[in-house]
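Every chain is numbered from 1 and lettered A, B, ... according to where its sequence line falls, protein lines coming before strand lines.
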2 protein chains.
Amino acid sequence: MKSTTLTRKQEICITAARLFKQKGYSAVTMRDLAAEVGVKAASLYNHIASKEEILNEVIVNIAESFTEGIQGIRLADTKVAEKLEAVIAQHVHLTADNPYGMASLNNDWMHLGEGKEKYLALRSAYEQHFREIIKKGKAQNVLKDIDEEVILFSTLGTLRNLYLWIPKKADLQRSKLIDSLCETLLNGVKTT
Amino acid sequence: MKSTTLTRKQEICITAARLFKQKGYSAVTMRDLAAEVGVKAASLYNHIASKEEILNEVIVNIAESFTEGIQGIRLADTKVAEKLEAVIAQHVHLTADNPYGMASLNNDWMHLGEGKEKYLALRSAYEQHFREIIKKGKAQNVLKDIDEEVILFSTLGTLRNLYLWIPKKADLQRSKLIDSLCETLLNGVKTT
DNA sequence: CCTACCGATCGGTAGG
DNA sequence: CCTACCGATCGGTAGG
């Protein structure tokens, strides 16, 4: 395993993720993908077993990163406010590192085959960790008494859409974006 | 035009929108759709010209509602804070009325043919109206001095994801949801 | 990595 | 509304 050279399989998966973001998994053909990689369609099958395997590679690794990350944040010996900021920062970093994969994660997971259950379990676990952080925040009076599901899905809604506009704001620095998002999501946009 | 009876074309488009949300436009075949409607695939073509026309019907009407709505909100003789609340309320109402169509609007617009330019124009106009409201809010010191694009896309991110969880919270009353979202998006989730 | 090819299925049409 | 059908293209395999 070299660190600076991509294997052919990795190259295929990265190229595929970019195409999946543009047109969605179902509309991307193996011939589209092959042309983009620079080989014939049949040659792809020397590196991957099926189209579905590519989707699995693209989605499951990211999903694992998210779930492992938030678990660490939840269990860490930090204040709730810091945990919330860490969750936001994690989303920015993972999304900026792989905006194409995030598109598949959000929109194409239903086309997973065997891997679908694993993905759904990871997503449930992620949401549950997030919910526990929110519950703790409400119990400590750090968070307002707003419906926990509204807080969860409102915040997640913003974070899950980052993949759509992070690529458009290439000039935006991560740390500045994280600060702005923390302020917006945690303290709101209105003056007090 | 009867108001209580759906035309066959409307029935086809509504059924299609539901399937598009489940699997995405590209993965839904005309035979899937026909089976759900209860006819043979060839019979669909007595009511619609093509698969693409169905997508156009599903997406463009909603996009027009959003853009016309926010234009009215922007031009109304109301305070900025009320305008922001009205934008949130509009999203809740339009999404609750048609959660399936919202999925296509968000995820399948790239498969529009002729209608794509119109859709993109409507979306740009929508975002521009929203931006102007935000600018006004910042000028009047109603909104904090946060990057305007962050406010825009953070708020829109949450609102554009409503279609995913409104159907799961059938018990949630619209007015209560609107109140919670206004509080969360405008004033934040943290106690002060 | 390629050429050649396969069965299945796609969106859509002809004709009644 | 149906049966019958079409050319194109799909994901994938055989064999070198």
How long is the line joining [atom1] of [X] and [atom2] of [N], in whole Å?
X	N	atom1	atom2	value
A:Ile12	D:dG12	CD1	P	13 Å
B:Leu55	C:dG11	CG	P	13 Å
A:Tyr45	C:dC1	OH	P	14 Å
B:Leu33	C:dG11	CG	P	10 Å
B:Asn46	D:dC2	CG	P	9 Å
B:Glu53	C:dG12	CD	P	10 Å
A:Ile48	D:dG12	CD1	C1'	9 Å
A:Lys51	D:dG11	NZ	C1'	8 Å

Kindly compute the distance separating CE (A:Met30) from CD1 (A:Ile54), expressed to the nearest 0.5 Å.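 With rounding to 0.5 Å, CE (A:Met30) is 4.0 Å from CD1 (A:Ile54).
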Classify the ring geometry between B:Tyr126 and B:His91 as parallel (under 30°), tilted (30 to 60°) or perpendicular (over 60°).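 B:Tyr126 and B:His91: perpendicular rings.
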Look at the aromatic rings of B:Phe20 and B:Tyr25 and report parallel, tilted or perpendicular, splitting at 30° and 60°.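 It falls in the perpendicular class, over 60°.
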Are side-chain heavy atoms of B:Leu162 and B:Leu181 found at a separation under 4.5 Å?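 A side-chain contact exists here, since the closest heavy-atom pair is under 4.5 Å.
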Quick one: what's the B/S/- string for nucleotides 3-9 of chain D, heavy-atom cutoff under 4.0 Å, read 5' to 3'? BB-----
DNA chain C base-pair string [pairs: Watson-Crick or G-U under 3.5 Å; |: paired with another strand]: ||||||||||||||||
Side chain of B:Arg8 only, heavy atoms from C-beta on: which candidate in D:dC1, C:dG11, D:dG12 is closest?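 In terms of side-chain proximity for B:Arg8, the closest of D:dC1, C:dG11, D:dG12 is D:dC1.
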May I ask you to check whether B:Arg8 and B:His47 show a side-chain donor-acceptor distance below 3.5 Å?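 The criterion, which ignores hydrogens and geometry beyond distance, is not satisfied for B:His47 and B:Arg8.
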Does one side chain, of B:Gln128 or B:Arg131, offer a donor that lies under 3.5 Å from an acceptor on the other?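 Their side chains do contain a donor-acceptor pair, which is all the 3.5 Å distance test asks for.
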Looking for any heavy atom pair under 4.0 Å, which part of the strands does A:Val37 touch: base, sugar-phosphate only, or nothing?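 Nothing, no heavy atom under 4.0 Å.
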For A:Glu127, is there an ion pair with A:Arg160 - N to carboxylate O distance below 4.0 angstrom?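 Salt bridge between A:Arg160 and A:Glu127, a charged N being under 4.0 Å from a carboxylate O: yes.
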SB check A:Asp32 A:Lys23 (cutoff 4.0 Å):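 Yes, charged N to carboxylate O under 4.0 Å.
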Are there more than 12 heavy atoms of other residues, nucleotides or ligands under 6.0 Å from atom NZ of B:Lys176?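 It does not: B:Lys176 NZ has 12 such atoms or fewer within range.
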